[in-house]
Number of protein chains: 2
Amino acid sequence: MALKKGYAAQDCSLARTLELVGERWTMLVIRDAFYGVRRYSDFLAHLDIPRAVLSTRLRTLTESGVMERRRYEQSPPRDEYVLTEKGRRLWSALFALLMWGQEFTTGGATVRRRYVHAACGHELEAGGGCQSCERPAVPPEDIEVHPGPAAEGPTARHDPVSRALSKPHRLLQPLET
Amino acid sequence: MALKKGYAAQDCSLARTLELVGERWTMLVIRDAFYGVRRYSDFLAHLDIPRAVLSTRLRTLTESGVMERRRYEQSPPRDEYVLTEKGRRLWSALFALLMWGQEFTTGGATVRRRYVHAACGHELEAGGGCQSCERPAVPPEDIEVHPGPAAEGPTARHDPVSRALSKPHRLLQPLET
DNA sequence: CTCGCCGGTTCATTGAACGAACTAACTGAT
DNA sequence: ATCAGTTAGTTCGTTCAATGAACCGGCGAG
């Protein structure tokens with residue numbers, strides 16, 4: 001972040017966390033990575049983020065070990081960005097924010113996406129666990145995103161990522177775009 | 001936030017959440033509120049935040065219903081800022097970020113604060129629950145902050161809030177400063 | 001060889017953060 | 001009554017980051 005002082009001076013684990021993932025756009029990039037977005041152009045189209053900011057964020061996340069950049073094609077050279085274990089462990093925090101938003105910030109609107117325990121088909125509860133399986137915390141690999149009641153409609157987006165997510169999709173698996 | 005476009009355009013609950021609590025400093029203000037900080041000057045001294053930014057954040061949080069401003073003294077007129085129910089519900093997200101930071105961002109350093117289930121005295125696990133009580137999610141009212149191994153030392157702060165937190169303290173209870 | 005795509009970088013403009021200084025309301029001590 | 005001190009801000013000039021449009025280089029296809 002490199003502001004004059006940065007709040008890293010706090011020597012507090014929350015402050016250090018926010019230095020890494022608390023900047024504008026960063027959490028949305030990570031959310032998309034959980035959805036299976038891996039390519040620069042897909043992040044760009046789905047987030048409507050300025051190119052320069054996306055480049056900066058991907059570099060920061062890569063340098064701090066939250067994401068990993070890897071070559072998946074030699075010619076033409078193409079890289080993809082995927083979450084590392086460190087990054088995948090952000091799921092519980094991300095999900096908690098997501099659920100809070102669904103409860104408190106939807107102005108009468110209904111839910112756009114539902115999160116389902118793939119093993120049993122039940123929707124996750126707010127704590128990130130599965131009630132019917134009595135699992136306290138379902139890991140992201142076992143979760144599917146399903147389109148919710150508000151997925152279609154006047155506010156729907158039409159980028160490749162949004163279209164790919166109109167079908168149920170396993171978290172962290174690459175999206176077909 | 002009122003940037004040109006804001007990412008509220010995403011019509012996604014995470015984006016809306018971050019519009020409210022994703023700005024620089026905001027989460028640290030909320031964390032301090034959980035610690036029991038209520039007065040302008042205490043936020044200021046503990047966070048080393050510019051006064052103008054603190055004013056803006058407290059206004060935004062108040063307007064969005066995350067915190068409430070209330071008169072606790074008539075003369076001289078003094079207001080305090082306390083979390084509403086909406087704000088208190090951010091605990092699980094905040095705690096998840098905190099634990100992630102403790103695991104991944106402490107560069108060999110040790111923990112500054114520990115979070116203890118007041119009813120049984122056991123430290124909370126990373127998911128926010130209490131292992132020994134088999135409670136899946138301990139609410140903040142039942143949690144105490146204890147100074148951790150790194151509370152003292154060369155990096156220790158000397159503001160009133162940090163001093164008050166050198167003793168165990170129940171979350172959300174006002175700090176004696 | 002040229003066209004277009006992908007994954008960036010560069011640049012001018014705008015907006016936000018920073019920190020120091022200033023203000024307003026009040027209290028308590030001299 | 002005056003004066004210093006505390007609290008809770010606002011104001012303002014400077015610095016830094018976000019935005020969006022334009023530009024660029026590698027490459028493959030036609």
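Chain letters run A, B, ... following the sequence lines, proteins first, then strands; residues in each count from 1. All of these numbers come straight from a predicted model, not from anything done at the bench.
Among the nucleotides C:dT9, D:dG9, C:dG19, the one closest to any side-chain atom of B:Ala52 is C:dG19. Here the side chain of B:Arg57 is nearest to one of C:dA17, C:dG8, D:dT19, namely C:dA17. Among the nucleotides C:dA17, D:dT19, C:dG8, the one closest to any side-chain atom of A:Pro50 is D:dT19.
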Check: protein-nucleotides 23-26 of chain C nitrogen or oxygen pairs below 3.5 Å:
none

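Taking only side-chain nitrogens and oxygens, B:Tyr40 never comes nearer than 4.0 Å to OP1 or OP2 of D:dT10. Checking the phosphate oxygens (OP1, OP2) of C:dG8, a side-chain nitrogen or oxygen of A:Tyr81 falls inside 4.0 Å. An OP1 or OP2 oxygen of C:dA16 is reached within less than 4.0 angstrom by no side-chain nitrogen or oxygen of A:Arg24.
In this entry the distance linking CZ of A:Arg51 with C1' of C:dG7 reads 7 Å, nearest Å. Rounded to a whole Å, the CZ atom of A:Arg69 is 12 Å from the C1' atom of C:dC6. Taking atom CG of residue A:Leu28 and atom P of nucleotide D:dA18, one finds them 14 Å apart after rounding to whole Å. To the nearest angstrom, P of C:dG8 lies 8 Å from CG of A:Leu58. One atom, CG of A:Asp42, and another, C1' of C:dG7, lie 12 Å apart when rounded to the nearest Å. Per the geometry, CD1 belonging to A:Ile49 stands 9 Å off P belonging to D:dA18, to the nearest Å. In this structure, CG of A:Asp79 is placed 15 Å from P of C:dC6, rounded to the nearest angstrom. Between the CG atom of B:Leu54 and the P atom of C:dA16 there is a distance of 18 Å, rounded to whole Å.
Salt-bridge formation is detected for the pair B:Glu85/B:Arg88: a Lys NZ or Arg NE/NH1/NH2 atom is positioned less than 4.0 Å from an Asp or Glu carboxylate oxygen. A salt bridge does not link B:Arg59 with B:Glu63: every distance from a Lys NZ or Arg NE/NH1/NH2 to an Asp or Glu carboxylate oxygen is 4.0 Å or more. For B:Arg157 and B:Asp48, the salt-bridge test passes: some basic side-chain N is under 4.0 Å from an acidic carboxylate O. Using a 4.0 Å cut-off between a side-chain N of Lys or Arg and a carboxylate O of Asp or Glu, B:Arg114 and B:Glu123 qualify as a salt bridge. Between A:Arg69 and A:Glu80, none of the side-chain N atoms (NZ, or NE/NH1/NH2) sits under 4.0 Å from a carboxylate O, so this pair counts as no salt bridge.
Residue-level contact check: A:Ser55 touches the bases, meaning some heavy atom is under 4.0 Å from a base atom. If you check every strand for non-hydrogen atoms under 4.0 Å, B:Phe43 touches nothing.
No more than 12 heavy-atom neighbours from other residues, nucleotides or ligands sit within 6.0 angstrom of CD on A:Glu176.
For A:Phe95, the ring pair (Phe, Tyr, Trp, His ring centres under 6.0 Å) criterion is met by A:Trp91, A:Tyr115, not counting sequence neighbours.
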